[in-house]
Q: 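Shown below is the structure under consideration.
Residue numbers start from 1 in every chain, and the chains themselves are labelled A, B, ... in the order their sequence lines are given, proteins ahead of strands.
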Amino acid sequence: MTIKEFLNKISDTVWEIPVSYKEGMRVPARIYATEKLIRELDEAVYDQVTNVATLPGVSKYALCMPDGHFGYGFPIGGVAAMDVEEGGVISPGGIGFDINCGMRLMVTNLTYDEVKYDIKKLVDKLYQKVPAGVGSTGFVKLSRSEFREVVEQGARWCVRNGYGWEEDLELMEEQGCMKGADSSKISDKAIDRGFNQIGTLGSGNHYLEIQVVRPENIFDKELAARMGITIPNQVVVMFHCGSRGFGHQVATDYLQVFLKVMESKYGIKILDRELACAPFHSPEGQAYFSAMKCGINMSFANRQVILHRIREVFSEVLGNSPEEMGMHVVYDVAHNTAKLESHIVDGKERSLLVHRKGATRAFGPQMQDVPEKYKDIGQPVIIGGSMETGSYLLVGVPTGDQTFFSTAHGSGRTMSRAKARKIYRGEQLQKDMQKRGIYVRSTSYSGLAEEAGAAYKDIDDVIEAAELAGISKRVVRLTPIGNIKG
DNA sequence: ATGTTC
């Protein structure tokens, strides 16, 4: 029997693969997608999401969000909540190598007309001040021991040291600092790779974008206003980056640790080595949990310094202070993490380690950890599309409980990077985008080709699926006008 | 994603 015969349509946006599909599945797998997205879905995702459903402690369903695609072990777009009192595991493959890869959005009080002649200058200057590309290093000079403080304190360290405003911290997941980060669980090698990378964008699909909110793209005026979007053709800045080589090394270190002890010490058998894991309540699991929190904080700090640089650049180019230009953070979301959260499962409150790998937390109104400013409307959700097509600001909703309050994180690739490089040319893409009013700079033309809009699912389809399924609600769509691609 | 194959 093929996978398609096992796939049960639960609703217009939810598809289920029962436990009978594969030996060892503890729970069904559920994919969130419209019929169109299901047709486009990489078949490997079915294999990966059902592998996840075999992991010890997995609660309710192994999930895949509408932007799901093939990843390391888990699909990207994968969500799995492990019950830590029922032998639940922690798995680096369910978090991603780029720990706390995430998005931040900042508004301005400027309109498109006020910046249109300065876009090139802004992008060129941002390109200088926010280092991008493989192996790039930042302008924040830290010793290795200072960097150990940064990974324990996150964005708080940055604000204390002059990078940004106190109010920024209130508008970040975990207020910019994940408690319990313990740098004694970090290898010297990870420190070596990360200590000079604060304030850098990275490569791949990481980018920094100047965007405009067109009046016709505001779906909920009241919610938009609550998030600081009130002016027609308002200019905002969005960026996407993570924990660079640091997070990557943390993941690599602990994958090796887990592979050694998983079967011999804990008797866990897995279908794919890439799903290496350890019980959450084990010395190895706890060590990785503390180390991963350092990765989360490195990334929060990285985005905080980048935010500060953006304010500096706008101020330099446009001649007003960041305060005068109303450069306030909307929110900062992580989309590669595992977090210990309390959720109701079959009527009972459970302590779950929610893995979100290429998936965004989307807490509804009144939930704990939603900032006071947004308590009554729900957590802002920032979803980045491809550099050509546009991005979205959404909000979490009460019906998000079905996915442990998680939603999509981006467009999701439809073709491999290698295939995109074969089909598209970076130089031509840059010219085409320029014609359509998007000034783009990149460290690499081949990297640019990999990020061609056509190599991704249609962001509007992904957002539509997420909204129809009731896992997040659209607020505004954002249109790019300038882009720095890592 | 990544000192793009320790």
Q: Identify which nucleotide among dT2(B), dG3(B), dT4(B) has an atom closest to any side-chain atom of Val134(A), counting heavy atoms from C-beta outward.
A: dT4(B)

Q: Quickly, which of Arg311(A), Met238(A), His328(A) forms a side-chain contact (heavy atoms from CB on, under 4.5 Å) with Met106(A)? Name it, please.
A: Arg311(A)

Q: For His69(A) and His409(A), take the angle between the two ring planes, folded into 0 to 90°, and tell me which bin it lands in: parallel under 30, tilted 30 to 60, perpendicular over 60.
A: parallel

Q: Can you tell me how far P of dC6(B) sits from CG of Leu259(A), to the nearest Å?
A: 17 Å

Q: Among dT4(B), dT2(B), dG3(B), which nucleotide has an atom closest to any side-chain atom of Arg193(A)?
A: dG3(B)

Q: Arg421(A) CZ to dT4(B) P: how many Å, rounded?
A: 14 Å

Q: For Gly133(A) and Thr252(A), take the nucleotide of DNA chain B holding the closest heavy atom to each; which residue's nucleotide lies nearer the 5' end?
A: Gly133(A)

Q: What is the nucleic acid contact for Gly245(A), judged by heavy atoms within less than 4.0 Å: base, sugar-phosphate only, or nothing?
A: sugar-phosphate

Q: Round to a whole Å and report the spacing from CG of Leu255(A) to P of dT2(B).
A: 16 Å

Q: Rounding to an integer number of Å, can you tell me how far Phe246(A) CZ sits from dG3(B) P?
A: 13 Å

Q: It should be established whether Gln249(A) places a side-chain nitrogen or oxygen under 4.0 Å from OP1 or OP2 of nucleotide dC6(B).
A: no

Q: Just the rounded figure in Å: distance from P of dG3(B) to CG of Asp98(A).
A: 10 Å

Q: Flag this pair as yes if the NZ/CZ of Arg413(A) is under 6.0 angstrom from the six-membered ring centre of Tyr456(A) and inside a 45 degree cone about the axis; otherwise no.
A: yes

Q: Could you give the CG-to-P distance, from Leu448(A) to dT4(B), as a whole number of Å?
A: 21 Å

Q: Would you say a side-chain N or O of Arg417(A) is under 4.0 Å from OP1 or OP2 of dT4(B)?
A: no

Q: Within 45 degrees of the ring normal and closer than 6.0 Å to the centroid, is that where the cationic atom of Arg193(A) sits relative to Phe246(A)?
A: no

Q: What contact category does Gly204(A) fall into here, base, sugar-phosphate, or nothing, at under 4.0 angstrom with non-hydrogen atoms?
A: sugar-phosphate

Q: What is the distance, rounded to the nearest whole Å, between atom CD of Glu450(A) and atom C1' of dT2(B)?
A: 12 Å

Q: Verify whether the ring centers belonging to Tyr21(A) and Tyr46(A) lie closer than 6.0 Å.
A: no

Q: What nucleic acid atoms does Lys357(A) come within less than 4.0 Å of, heavy atoms only: base, sugar-phosphate, or nothing?
A: nothing

Q: Between dT2(B) atom P and Glu274(A) atom CD, what is the distance in whole Å?
A: 18 Å

